[in-house]
Amino acid sequence: MKITAARVIVTCPGRNFVTLKIETDQGVYGIGDATLNGRELSVVSYLEDHVIPCLIGKDPRRIEDIWQYLYRGAYWRRGPVTMRAIAAVDVALWDIKAKMAGMPLYDLLGGRSRDGVLVYGHANGADLSETIDEVGRYIDMGYKAVRAQSGIPGIALAYGVGRGKLYYEPADAALPTETVWDTRKYLNFIPGLFDKLRETYGFDVELLHDVHHRLTPIEAGQLGKAVEPHKLFWLEDVTPAENQEAFKLVRQHTTTPLAVGEIFNTIWDCKDLIANQYIDFIRTTIVGTGGVTHLRRIADFAAIYQVRTGSHGATDLSPVTMGAALHFDTWVPNFGIQEYMRHSEETDAVFPHDYQFNDGRLHVGDTPGHGVDIDETLAAKYPYRPAYLPVARLEDGAMWNW
Ligand code: GCO
Ligand code: MG
């Protein structure tokens, strides 16, 4: 069996997606996602100029060998562009293998561990009362877990707010939007938000919150401590994690569960976080960390330390990643939760898929492969539009983490 062709399809049905389609001499094809929000075209070039020429003629059944070839063989290891390109190839090859086997991907991975995949939705409001209402809306839709992000008094453009309720999208402009951050205002506000949420909805619903890398370790410890009475499912990305050791300090100060990993590329980014049990949930995802082949290694390693998965699933992860992730989640023994930011109707139409939301969980179908396809005719109607993620500055103008 041979790979005969591979193509990159760029489409913008409301937001940009980069998709890889690999074709074989047996007529079976596979689809992988390579979207890197705000830096899409660099992955297109990496695939077209440097990966696809090496794939033609290779046996698509040799997933592991092709993974190692692209990882070790580049000499230049890791990084978001490389690992997304590898992920796209890897997911397309698993899709092909599962189709050839006539099995849904979760079956090929080892079979079902659970009936459905617990997901959390992204409720957001411009202020406290709107955020309370939005969390209620998600609960009414059947969500058992909701992450709450709110506008902060005195902060003009807080992370996670506005630009769409059900379809939140931060990459909003042809050049980065400038936002202003103030840690004191944020820390003064957040515990009160969770007081009100627990008062209104009780303790049965799981609540989550994303700090989006804004705090220092000791500030993160303060926040974790302040929200301990609210029993959060997790606090996410409390501080940047290039220095994995930083989480030790946070951990010393709070029992609020910690999640991190959406911007990690490989197991090396989270090795110490996991082995030292500084975190409870690892948020690496299929598209971010070199596909199913590598995410599986991270999850198995995490299992030894009772760290569970909580894969990133924002709107910039295409339905292809969501489909593959749901198969992974259906199998992986140490599953925790899956993020699920809904895609717009335009996006869903470009990527026909068989997963369905029901009673707080997503359920994969039994279509052989990962169950997601691309309608190329429809995709061609939505040309690429440059869109950047925002940047953040402090009130004195200095750059901060967005
Ligand atoms: C999340 C994330 C996203 C990111 C986005 C960047 O937890 O879902 O933090 O909202 O900001 O994926 O492209
Ligand atoms: Mg996040």
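If you read the sequence from its start, that first residue is 1, and numbering goes on from there. Computed over heavy atoms, backbone and side chain alike; hydrogens, waters and symmetry mates excluded. In each ligand, atom 1 is the first atom listed, and ligand 1 is the first ligand listed.
- For ligand 1, the atoms closer than 4.0 angstrom to any heavy atom of H312 are 1 (C), 2 (C), 3 (C), 8 (O), 12 (O).
- For atom 11 (O) of ligand 1, the closest non-hydrogen atom of the protein is H212 NE2, 2.8 Å.
- Ligand 1 has a nitrogen or oxygen under 3.5 angstrom from a nitrogen or oxygen of E236.
- Here is the list of ligand 1 atoms found below 4.0 Å of a heavy atom in W402: 11 (O).
- In this structure, Y340 has no heavy atom closer than 4.0 Å to ligand 1.
- Under the 6.0 Å cut-off for aromatic ring centres, H294 and W67 qualify, their centroids lying closer than that.
- Note on D237: not counted as a metal contact of the Mg ion (ligand 2), no N/O/S atom lying under 2.8 Å.
- The nearest pair of heavy atoms linking A246 to T239 is CB-CG2, 4.5 Å.
- D316 OD1, 3.5 Å is the protein heavy atom nearest to atom 5 (C) of ligand 1.
- Checked against a 6.0 Å centroid threshold, the rings of F357 and H363 do not count as neighbours.
- Other residues, nucleotides and ligands contribute more than 12 heavy atoms inside 6.0 Å of the CZ atom of R112.
- When each atom of ligand 1 is checked for a heavy atom of A314 under 4.0 Å away, the hits are 3 (C), 8 (O), 12 (O).
- A cation-pi arrangement is absent between K196 and Y201 under the rule of less than 6.0 angstrom and at most 45 degrees off the ring axis.
- In this structure, the protein non-hydrogen atom closest to atom 13 (O) of ligand 1 is N37 ND2, 2.9 Å.
- Against a heavy-atom cut-off of under 4.0 Å, D210 is close to the following atoms of ligand 1: 1 (C), 2 (C), 7 (O), 9 (O).
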Inset, instruction - For F328 and F335, run ring pair (Phe, Tyr, Trp, His ring centres under 6.0 Å): C-alpha distance rounded to whole Å, both residues' side-chain angles, the deciding distance at 0.1 Å, then the answer. - result: CA-CA 9 Å; F328 188 88; F335 171 75; 9.4 Å; no

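- Among the backbone and side-chain atoms of E339, none of the N, O or S atoms lies under 2.8 Å from the Mg ion (ligand 2).
- The side chain of L389, and not its backbone, has at least one atom closer than 4.0 Å to an atom of ligand 1 (non-hydrogen atoms only; side chain from C-beta on).
- Atoms of ligand 1 found under 4.0 Å from any heavy atom of R283 (numbered from 1 in listed order, with element): 1 (C), 7 (O).
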Inset, instruction - Take Y138 and Y143 through the ring pair (Phe, Tyr, Trp, His ring centres under 6.0 Å) test and state the conclusion after the steps. - result: CA-CA 6 Å; Y138 274 82; Y143 282 82; 5.0 Å; yes

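- Distance alone, capped at 3.5 Å, places no donor-acceptor pair between the Y384 side chain and the T11 backbone.
- No part of E169 comes within 4.0 Å of ligand 1, judged by heavy-atom distances.
- Angle OE1 (E262) to the Mg ion (ligand 2) to OD2 (D210): 180°, rounded to 10°.
- Distance check: Y340 OH to S311 OG gives 15.5 Å after rounding to the nearest 0.5 Å.
- Assignment of H122 to the shell around ligand 1 is not supported, since no heavy atom sits closer than 4.0 Å.
- Centroid-to-centroid, the aromatic rings of W234 and F281 come within less than 6.0 Å.
- Counting just the N/O/S atoms of E236, the one with the shortest distance to the Mg ion (ligand 2) is named OE2.
- Summary of contacts: the protein heavy atom closest to atom 9 (O) of ligand 1 is E262 OE2, 2.7 Å.
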Legend entry - Derivation of the ring pair (Phe, Tyr, Trp, His ring centres under 6.0 Å) call for W181 and Y159: CA-CA 9 Å; W181 175 251; Y159 163 75; 9.6 Å; no

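- A cation-pi arrangement, defined by a distance under 6.0 Å to the six-membered ring centre and an angle within 45 degrees of its axis, is absent between R393 and W402.
- Note: F351 and H353 fail the aromatic proximity criterion, with ring centroids not under 6.0 Å apart.
- With hydrogens left out, the protein atom closest to atom 3 (C) of ligand 1 is Y159 OH, 3.4 Å, a heavy atom.
- Ranking the protein heavy atoms by distance from atom 8 (O) of ligand 1 puts E339 OE2, 2.5 Å first.
- With ligand atoms numbered from 1 in the order given, ligand 1 contributes 8 (O), 10 (O) to contacts under 4.0 Å with heavy atoms of M341.
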